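Below is one structure; the comments refer to it alone.
In the text below, chain A, chain B and the rest are named by the order of the sequence lines, each starting its count at 1. Quick note: numbers below take in every heavy atom, side chains included, and nothing from hydrogens, waters or symmetry partners. As the structure is a computational prediction, the values presented were derived from the model and not from experiment.
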Amino acid sequence: MSEESIAAAAIRWFDANARDLPWRHPQAGAWAILVSEVMLQQTPVVRVLPAYEAWLARWPTPAALAADEPGEAIRMWGRLGYPRRALRLHECATAIAERHNGVVPDDLDALLALPGVGAYTARAVAAFAYRQRQPVVDTNVRRFVARAVAGAADGGHTTRPSDLTATAALLPDEPAVAARASAAFMELGAVVCVARTPRCTICPIVDRCAWRAAGRPALDGPSRRPQTYAGTDRQVRGLLLAVLREAVEPVPRIRLDVVWPEPTQRDRALRGLIDDGLVDPLPGDLFALPRG
DNA sequence: GAGTCGTGGCA
DNA sequence: TTGCCAAGACT
């Protein structure tokens, strides 16, 4: 017998060390997993946990969410960030209710066709909810595979086709085992093979890691863009939407004006929110979350 | 393909 | 203190 595969070692480690997260419980269905995956896009686990519980308690099925107003989805999103995800999740629920009889599809192409569901989320649902053999590649897996296999310092900004190929090559043949391996890779990337200070001493595949073998070379290319948050349109959009989330009634423009002193940027931000469908302009210079 | 899109915690 | 980072999608 040859030495244990990376996937086998990762799964063994995962069996003993996986965090107890609600979307990993056996009773978490495809809808719950889909909700968790969308919430987790660019958002830390600890911030998702309470929002996830509240969301599913209110909308336990896609049909339940689809029957409610999109503005309520935006309101429930709270401060998770990137509120367009809430709107897309509502559109997604509507599509599932109308096109899939209220059942989250298990077909990859059908998943990819859903609003807000991209290459990562579609494969995550296929693997974690339906136990399919799919390369589930997020930033954690990209980094883990880049280091372990290619010996690179990180996995790059975006997922390329080669990333899917490289990850798929690590997956065992049996679909359910492959799905388990995908979860294990993600967990390793999230808690062991982390970006800043990887914990190689507790890594189950350190003896096979190409990056470790190469002496953990530093990242050579240019770092990511600066893009500070303070003063950006994103901050202004966030301030504007926060007012509308807290308001029960439509809000007059004056209450939005006070959140940002510079009128040009403020108007641009508000127009952007309206264009995105996150805010409805109403007669009388009033504004509200969309009702339908 | 590069830009845009929130928010908060932490080294 | 502040830049970096966190289970991406879309244009």
Whole angstrom is fine here: how far is it from [atom1] in [X] over to [atom2] in [N]?
X        : N     : atom1 : atom2 : answer
A:Asp276 : B:dC5 : CG    : P     : 8 Å
A:Leu89  : B:dC5 : CG    : P     : 21 Å
A:Gln235 : B:dC5 : CD    : P     : 13 Å
A:Arg84  : B:dT7 : CZ    : C1'   : 15 Å
A:Leu87  : B:dT4 : CG    : C1'   : 16 Å
A:Asp138 : C:dA7 : CG    : C1'   : 5 Å
A:His157 : C:dA9 : NE2   : C1'   : 17 Å
A:Leu270 : B:dC5 : CG    : P     : 14 Å

Could you work out which one of [options] sits closest to the side chain of [X]?
X        : options             : value
A:Arg245 : B:dT7, C:dG3, C:dG8 : B:dT7
A:Arg160 : B:dC5, B:dG9, B:dG1 : B:dG1
A:Tyr82  : C:dA7, B:dG8, B:dC5 : B:dC5
A:Arg143 : C:dA7, C:dA9, B:dC5 : C:dA7
A:Thr121 : C:dA6, C:dA7, C:dG8 : C:dG8
A:Thr43  : C:dA7, B:dC5, B:dG6 : B:dG6
A:Ala195 : B:dG6, C:dA6, C:dG8 : C:dA6

Rounded to whole angstrom, note down the [atom1] distance from [N] over to [M].
N      : M      : atom1 : answer
B:dG6  : C:dT11 : P     : 15 Å
B:dA11 : C:dA7  : P     : 15 Å
B:dG3  : C:dC4  : P     : 16 Å
C:dA6  : B:dG1  : C1'   : 23 Å

C:dG8 phosphate, OP1 or OP2, under 4.0 Å from A:Arg123 side-chain N/O: no
Below the 4.0 Å mark, does C:dG8 have OP1 or OP2 next to a side-chain nitrogen or oxygen of A:Gln42? yes
Before you tell me yes or no, could you show the steps for A:Glu37 and A:Tyr120 under side-chain hydrogen bond (donor to acceptor under 3.5 Å, both in side chains), namely the whole-Å CA-CA distance, both residues' side-chain angles and the distance that decides it to 0.1 Å? CA-CA 9 Å; A:Glu37 293 299 343; A:Tyr120 162 75; 2.5 Å; yes
Are the side chains of [Y] and [X] in contact, using a 4.5 Å heavy-atom criterion?
X        : Y        : answer
A:Asp138 : A:Leu40  : no
A:Leu241 : A:Arg237 : no
A:Val279 : A:Pro290 : no
A:Arg160 : A:Asp163 : yes

5' precedence on DNA chain B between A:Thr197 and A:Arg85 (nearest-nucleotide basis): A:Arg85
Please tell me which of A:Ala190 and A:Arg88 maps to the more 5' nucleotide of DNA chain C, matching each residue to the nucleotide holding its nearest heavy atom. A:Ala190
Closest-nucleotide 5' rank along DNA chain C - winner of A:Asn140 and A:Gly116: A:Asn140
Residues in contact with DNA chain C, drawn from residues 161-179 of chain A - heavy-atom cutoff 4.0 Å: none
Check: A:Arg196 side chain, C:dC5 base, donor-acceptor under 3.5 Å: no
base_contact_polar (B:dT7 base, A:Arg47 side chain, donor-acceptor, <3.5 Å): yes
Under 4.0 Å, heavy atoms only, any strand: does [X] hit a base, just the sugar-phosphate, or nothing?
X        : result
A:Leu80  : base
A:Trp77  : nothing
A:Leu21  : base
A:Arg268 : nothing
A:Val194 : nothing
A:Arg79  : sugar-phosphate
A:Gly118 : sugar-phosphate

Could you grab the distance from atom OH of A:Tyr82 to atom OG1 of A:Thr43, nearest 0.5 Å is fine? 8.0 Å
Could you tell me the separation between the CD atom of A:Glu187 and the SG atom of A:Cys193, rounded to the nearest 0.5 Å? 12.5 Å
Mind checking whether A:Trp55 and A:Trp77 have ring centres under 6.0 Å apart? yes
Linked, directly or transitively: A:Val103 and A:Leu114 (ILVMFWY side chains, under 4.5 Å): yes
Heavy atoms of A:Arg85 and A:Leu80 approach each other most closely as NH2-O, 3.3 Å
